[in-house]
Trainee: 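One structure, pasted below without further comment.
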There are 2 protein chains.
Amino acid sequence: MLQRRQGALRDDGSRNVLVTGGLKEAFPLRQNGSLSRILHVLLHMDQHRDPMTSEQIGQMLGTNPTVVRRTMAGMREAGYVSSVKGHGGGWTLARPLSEMTLLDVYKALGAPELFALGLATDAPTCLVEQAVNTALGRSLEEAERQLLAGFGQVKLSEIAADFEHRAARSKHGTCKVKHVA
Amino acid sequence: MLQRRQGALRDDGSRNVLVTGGLKEAFPLRQNGSLSRILHVLLHMDQHRDPMTSEQIGQMLGTNPTVVRRTMAGMREAGYVSSVKGHGGGWTLARPLSEMTLLDVYKALGAPELFALGLATDAPTCLVEQAVNTALGRSLEEAERQLLAGFGQVKLSEIAADFEHRAARSKHGTCKVKHVA
DNA sequence: ATATCATGTGACTTGATATGGCACATGATT
DNA sequence: AATCATGTGCCATATCAAGTCACATGATAT
């Protein structure tokens, strides 16, 4: 191995797993998991007629209600979900999944950095580094365009349909939350 | 802002800059800068007839000789550079830049993670999460293919040519290291 | 041969940051 | 008024890229 093993495996070969209140969540690298988590939440909300509380969602994701509220904040500001306080309150979808794409969610999350590869300096004085940044930057920008274009073409309702399909084929309960209307 | 400001800007608006022994290097995010740095080094080595020591390279990159040795280790193992100990030793290119692509370097570095976006769990039992992972993973894999294909088409000699072009147009000294044969 | 120089590498330190979590304010429902 | 739920400031924790030290190994020069 090069680069002084920076991976996810520990000496005993196990994954690095955060154990929080008895629940587990595995994040292999120093990656931003909020997009993945939000999607998980949105699809579950779609299966759920009543508002879901941050507490419920937190348990589902194996995380803390506070984290849920904070991550959902962007979605609320963008108008994709709404939150209600007090008895019977919680989170609900503010529009159908057919009117949301991966790109919409990504943007609502504040369009976090996509790549784990970085350029050494923003505006280097070294001409060599300028040339390197230009070449590398060009590839990265192209990839970013591709990726975001791809995100824009995936409607959340399509993901939901894929879920329905999976659910139809295996009759076991799945998550910690029931998939009921 | 959403997601509890995780960006690169501090309250005073300045970038987070690592100051090391008087030199500065800016890494906006938790990104892996080794590819960018290695490229910088390789191009400089190409301009340098004599072997370059880790000390020289370290000064050039604003980092430490040990870091340089460690990062270069993968390149040596892959046969792109060679290192010689003792007086007059140091690092030299083991083959011309025209025979190396961005992809080669990336692989020699151990093919570090490309994306800052992660899936919540590797093999979730929740069917909803499975559907999410599938959708997100598909987009990410597609983008990865694109990006690596792009890397494979960029020869380092092309980046060097771009540098030569820049150097011809501006006659100022640039880096901390002279661009001489 | 031996002093010097340069790489090779284990072990530890430092700094950045995604996420976890508490505490308390705000507002809605019963 | 009691309870429930969100909103959010503040701090804690874990992980990891990069920095640093220390020392071994090997090559060159005098």
Side-chain angles (χ1 to χ4, degrees), chain A residues 1-10 15-21 23 25-34 37 51-58 61-73 76-77 81-92 112-113 116-118 120, chain B residues 1-8 10 15-21 23 25-34 37 51-58 61-73 76-77 81-92 109 112-113 116-118 120:
Chain A
M1 180 64 180
L2 336 161
Q3 288 238 85
R4 226 179 340 173
R5 184 166 278 306
Q6 305 162 335
L9 295 181
R10 289 191 293 226
R15 283 261 173 202
N16 56 338
V17 170
L18 306 176
V19 178
T20 311
L23 296 169
E25 195 84 349
F27 273 102
L29 283 169
R30 184 137 296 284
Q31 291 180 319
N32 189 327
S34 50
R37 293 152 87 116
M52 294 186 74
T53 67
S54 302
E55 176 66 36
Q56 285 178 298
I57 296 173
L61 295 179
T63 188
N64 181 293
T66 304
V67 174
V68 173
R69 289 186 196 112
R70 250 193 284 265
T71 313
M72 295 286 280
R76 184 189 55 235
E77 285 164 28
V81 299
S82 55
S83 59
V84 172
K85 293 181 175 180
H87 268 288
W91 300 88
T92 45
E113 177 59 45
L117 252 42
Chain B
M1 181 60 181
L2 337 160
Q3 288 237 87
R4 225 178 342 173
R5 185 165 275 307
Q6 304 163 335
R10 289 191 293 225
R15 284 262 173 201
N16 54 339
V17 170
L18 307 177
V19 179
T20 313
L23 297 169
E25 196 82 350
F27 274 102
L29 283 170
R30 182 137 297 286
Q31 289 180 320
N32 189 325
S34 50
R37 291 152 87 116
M52 294 185 74
T53 67
S54 302
E55 176 66 35
Q56 285 178 296
I57 296 173
L61 295 180
T63 187
N64 181 293
T66 304
V67 174
V68 172
R69 289 189 195 109
R70 250 192 282 265
T71 314
M72 296 286 280
R76 184 188 57 235
E77 285 163 27
V81 299
S82 56
S83 59
V84 173
K85 294 180 176 182
H87 268 288
W91 300 88
T92 45
L109 247 40
E113 177 61 46
L117 252 43

Trainee: Please tell me which of the listed nucleotides, C:dT19, D:dG7, D:dG19, lies nearest to the side chain of B:Arg70?
Mentor: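 When the side chain of B:Arg70 is considered, D:dG19 is the closest of C:dT19, D:dG7, D:dG19.
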Trainee: Atom CD1 of A:Ile57 and atom P of C:dG20: how far apart are they, to the nearest Å?
Mentor: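 Interatomic distance, CD1 of A:Ile57 to P of C:dG20: 14 Å.
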Trainee: Identify which nucleotide among C:dG20, C:dT7, C:dT29 has an atom closest to any side-chain atom of A:His87, counting heavy atoms from C-beta outward.
Mentor: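 Within the option list, the nearest is C:dT29.
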Trainee: Could you check how far CE of B:Met72 sits from P of C:dT9, rounded to whole Å?
Mentor: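 Roughly 14 Å, once rounded to whole Å.
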Trainee: Any idea which of C:dG8, D:dT20, D:dT6 is nearest the B:Trp91 side chain?
Mentor: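 Nucleotide nearest to B:Trp91's side chain: C:dG8.
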Trainee: Whole angstrom is fine here: how far is it from NZ in B:Lys85 over to P in C:dA6?
Mentor: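 Interatomic distance, NZ of B:Lys85 to P of C:dA6: 14 Å.
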Trainee: Tell me the interatomic distance from B:Leu117, atom CG, to C:dT19, atom P, rounded to whole angstroms.
Mentor: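 For the pair B:Leu117 CG and C:dT19 P, the rounded distance is 10 Å.
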Trainee: Is there a side-chain contact between B:Arg37 and B:Thr71 (heavy atoms, below 4.5 Å)?
Mentor: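 The answer is no; the side chains never approach within 4.5 Å.
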Trainee: List the atom of B:Pro51, the atom of B:Gly88, and the distance in Å for their closest heavy-atom pair.
Mentor: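 Heavy atoms of B:Pro51 and B:Gly88 come nearest at CG-O, 3.5 Å.
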Trainee: Specify the separation, in whole Å, of atom CE of A:Met52 and atom P of D:dT6.
Mentor: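 To the nearest whole Å, that distance equals 11 Å.
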Trainee: Determine: side-chain N/O of B:Arg69 to OP1/OP2 of C:dG10, distance under 4.0 Å, yes or no.
Mentor: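 Indeed not, no polar side-chain atom of B:Arg69 lies that close.
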Trainee: If I take atom OG from residue B:Ser54 and atom CG from residue B:Leu61, how far apart are they, to the nearest 0.5 angstrom?
Mentor: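 One finds 10.5 Å between OG of B:Ser54 and CG of B:Leu61.
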Trainee: To the nearest Å, how far apart are A:Glu55 CD and D:dT3 C1'?
Mentor: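 Atom CD in A:Glu55 sits about 15 Å away from atom C1' in D:dT3.
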Trainee: Ignoring backbone atoms, establish whether A:Arg76 has a side-chain N or O less than 4.0 Å from OP1 or OP2 of D:dG7.
Mentor: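 Yes.
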Trainee: For residues B:Trp91 and B:Arg69, report the shortest heavy-atom separation together with the two atoms involved.
Mentor: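 So the two residues come closest at CZ2-CA, 4.0 Å.
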Trainee: To the nearest Å, give me how far apart CG (B:Asn64) and P (C:dG8) are.
Mentor: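 That distance rounds to 15 Å.
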Trainee: A:Arg37 has a side chain; which of C:dT7, C:dT19, C:dT26 sits nearest to it?
Mentor: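 Looking only at heavy atoms from C-beta outward on A:Arg37, the closest nucleotide is C:dT19.
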Trainee: In Å and rounded to the nearest 0.5 Å, what is the CG to CD distance from B:Leu117 to A:Glu113?
Mentor: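 One finds 9.5 Å between CG of B:Leu117 and CD of A:Glu113.
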Trainee: Specify the separation, in whole Å, of atom CD of A:Glu113 and atom P of C:dT17.
Mentor: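 The answer, rounded to whole Å, is 12 Å.
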Trainee: With a non-hydrogen cut-off below 4.0 angstrom, is A:Thr66 in contact with a base, only sugar-phosphate, or nothing?
Mentor: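 Base, at least one base heavy atom under 4.0 Å.
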Trainee: Return no unless some side-chain N or O of A:Ser54 is found under 4.0 Å from OP1 or OP2 of D:dT6.
Mentor: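 Yes, within the criterion.
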